[in-house]
> 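My questions all concern the structure below.
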Amino acid sequence: MSASDASHATIKPGSICFFFKNGFAAASFHSKMSTIGAAGGDDDSKEEWNEFEWSEDALSIIESIEEQSYQMHPSIKQEEGDGGEGSFAAEFYRCGTEWSCLSPAAEVVEPSHSRNLKQANLWQMWGQDKPSYLSSPPPKKKVKLSQFCSQGKAASSSPKHNRPRACPFYKRIPDTGFSVDAFRYGPIPGCSAYFLTHFHYDHYGGLTKGWSHGPVFCTPLTARLLTICLSLDSLYIHPLELDKEYVIQEVKVTLLEANHCPGAALLHFRLPTGLCYLHTGDFRASKLMQAYPLLANNRVNVLYLDTTYCNPKYKFPSKEDVLSYVVRVTKSSLKKQPKTLVVVGAYSIGKESVYLAISKALGVKIYANNSRRRTLKSFGWPDLSTNLCTQATDTCLHVLPISSLRFETLRDYLKNHANQYAAVLAFRPTGWTYSEGLGRELDLIKPSTRGNITIYGVPYSEHSSFTELREFVEFLKPDKIIPTVNVGNPDNRDKMQSYFREWLKG
DNA sequence: GCGATCAGCT
DNA sequence: CACAGCTGATCGC
């Protein structure tokens, strides 16, 4: 097919993508790259504009990268002269994409090779400052700038913050009008379809009742949450069933189960050119995914990868092992103290299996407050819905916000149920309850106990472990990998790059 | 008063 | 560490 297609000659089978080669992540770049790279959490609030400086090397490298550019999408070109945001984003996008395209072969960059790039252009690329021509002519569409500007003292003292944030390149699918989990950048120039991988705040942030920037595509479950929790106008919601191919703006789009939270999807895009993109959103890779026909039978050219735990120090057991461990601990605690209230901490959605497993093993109902119950019922999971109860006094198994899993809070909670219970056993499921020495040994987990309150941190992860990531990448053998998490730190990027290179060697 | 955003915090 | 938020202050309407 297409890897060798002439119009996409920059994509070489077996090449590895990354932000920049080692030398490129020079000190002068660090402060700004943090902004671009802040991924999953989009933590670009920590950007340090003031410390930013350009070096000669950086200029020449950028230029050489620009020369191996992707074709710009026509819709983005159209935006030029349309006011500032369009050309700004187009440039940003084009260049940004290129930084991700450095293959090993392209790593040697000759400084001698530089024409004189204008600094203004580079400021513009990075959103460092607004070149004068961007201010006029005024945009056709009236954009509410205040919405995107930093507020408060910092903003007024530094005009650099008075600009909309640019959508990072890794949230755009090249040569399409698509964006992924990019709702906090206002209307994105050239974007005509906004994809949402799952309903977690750091991904849907910016989506509000007043959303009107374009159609939102997501799974039916996520769509229901957008309606229930955010009151999003149904006009903009476009549910896509899992495992079903849709054609959207001439691109074949298929959503696949991501094994993350309920409603989470991998996004599979096949362009008219034959190029294939897989955006994992947040996911936990599993053997099952290797049986997805779409992944097993087609080459993925570019993989946008959830690299949350892309470090060998992150080892954790299978979900199943953690669930049986939680059940085991619960049973033995109840044996010692029958008047134990079992509490499971949870965010908005995700980790439902932890309390569902306890519920089933003990044959008890699950108490959750009104709003959580409404959310959980919207999943349409009979197993879960039928096991929920409205009265806290009706069951010894409660779901609480994970922020409540502190001794002080739990002590108060127990006080309120003192007539029923004498102790609290709480589970805090999280992926980063890892311990260097602990590894996969669940039985080595030491709970923290204060009086009659016991809290277990359990490594129930809804992201891939390092090993799972490696196996997924080795299975998929993509031409290029674009990490989407932990890219704010240059050392991290370099480390991940070398892992990818290793994995794709074969 | 209400909804939305942001820095700081966990 | 970094997940997926939460809290309180601030702002615009």
Side-chain angles (χ1 to χ4, degrees), chain A residues 34 37-48 143-158 161-165 181 183-186 196-213 225 229-232 260-264 281-284 306-316 345-352 354 371-372 375 399-409 427-438 448 455 457-466 483-489 491-492 495-496:
Chain A
S34 316
D42 285 339
D43 201 358
D44 32 18
S45 56
K46 288 168 190 157
E47 55 197 59
E48 285 290 341
V143 178
K144 203 170 157 192
L145 275 178
S146 60
Q147 180 180 354
F148 312 111
C149 294
S150 301
Q151 295 165 354
K153 284 177 198 166
S156 55
S157 65
S158 168
H161 290 261
N162 289 331
R163 55 164 184 83
R165 286 188 187 160
D181 298 340
F183 301 95
R184 24 183 327 208
Y185 314 99
L196 173 61
T197 60
H198 64 290
F199 193 75
H200 275 157
Y201 181 76
D202 53 334
H203 292 257
Y204 70 68
L207 259 183
T208 59
K209 203 161 55 170
W211 174 264
S212 64
H213 301 321
L225 292 169
C229 304
L230 303 183
S231 309
L232 211 71
H260 183 62
C261 66
D282 280 357
F283 83 129
R284 180 156 183 184
D306 165 19
T307 44
T308 300
Y309 295 127
C310 188
N311 184 314
K313 74 181 176 188
Y314 293 113
K315 307 170 191 175
F316 33 74
Y347 292 120
S348 56
I349 66 169
K351 327 258 178 180
E352 289 76 17
V354 178
S371 76
R372 187 185 295 274
T375 304
V399 187
L400 295 182
I402 209 157
S403 55
S404 307
L405 292 207
R406 291 175 292 124
F407 286 114
E408 201 177 278
T409 320
F427 293 102
R428 171 198 291 274
T430 164
W432 49 283
T433 310
Y434 80 96
S435 168
E436 296 290 351
L438 200 69
S448 33
I455 303 176
V458 289
Y460 186 88
S461 175
E462 296 189 323
H463 293 274
S464 316
S465 69
F466 182 78
T484 61
V485 184
N486 291 332
V487 287
N489 178 317
D491 295 337
N492 259 336
K495 236 180 260 171
M496 290 196 283

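This one's a predicted model, so the numbers in the text were calculated from it and none came from an experiment. The chains referred to below are lettered A, B, ... by the order of the sequence lines, with proteins before strands, and numbering in each begins at 1.
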> Taking side chain as C-beta onward, heavy atoms only, is A/E462 less than 4.5 Å from A/P429?
no
> Separation of A/I402 atom CD1 from C/dC3 atom C1', in whole Å?
8 Å
> Figure out the CD1/C1' separation between A/I455 and B/dT10, and round it to whole Å.
14 Å
> Partners of A/T197 by side chain to side chain donor-acceptor pair (under 3.5 Å), sequence neighbours excluded?
A/D181
> Starting at CZ of A/R184 and ending at P of B/dT5, how long is that distance when rounded to a whole Å?
9 Å
> Tell me: CZ of A/F316 to P of C/dA2, nearest whole Å?
14 Å
> Could you state the CD1-C1' distance from A/I349 to C/dA4, rounded to the nearest angstrom?
11 Å
> Rounding to a whole Å, what distance do you find between A/L405:CG and C/dC6:P?
13 Å
> Would you say A/H463 reaches C/dA4's phosphate, i.e. side-chain N/O to OP1/OP2 under 4.0 Å?
yes
> Output the rounded distance in Å from OH (A/Y204) to P (C/dG5).
6 Å
> Would A/F199 and A/Y204 count as a close aromatic pair, with their ring centres under 6.0 Å?
yes
> Are any of A/H260's side-chain N or O atoms less than 4.0 Å away from OP1 or OP2 of C/dA4?
yes
> With respect to the side chain of A/Y314, which nucleotide from C/dC1, C/dA4, B/dT5 is positioned closest?
C/dC1
> Search all heavy atoms of A/S348 against all heavy atoms of A/R372 and return the closest pair with its distance.
O-NH1, 3.7 Å
> Considering only C/dA4, C/dC6, C/dC1, which nucleotide approaches the side chain of A/H200 most closely?
C/dA4
> C/dC6 P sits how many Å from A/R428 CZ, rounded?
13 Å
> Mind checking A/H198 for me? I need base, sugar-phosphate or nothing, with any heavy atom below 4.0 Å counting as a touch.
nothing
> Out of B/dT5, C/dA2, C/dG5, which has the shortest distance to the side chain of A/Y201?
C/dG5
> Closest approach to the side chain of A/Y347, judged atom by atom: which nucleotide of C/dC3, C/dC1, B/dA4 is it?
C/dC3
> If you only use heavy atoms from C-beta on, which nucleotide in C/dA2, B/dT5, C/dA4 is closest to the side chain of A/N486?
C/dA2
> Can you list everything that forms a side chain to side chain contact (heavy atoms under 4.5 Å, CB included) with A/T308? Sequence neighbours excluded, please.
A/D306, A/H463, A/V485
> Picking from C/dC3, C/dC1, C/dG5, which would you name as closest to the side chain of A/S348?
C/dG5
> Taking the minimum atom-to-atom distance to the side chain of A/S403, which one of C/dC6, B/dA4, C/dA2 wins?
C/dC6
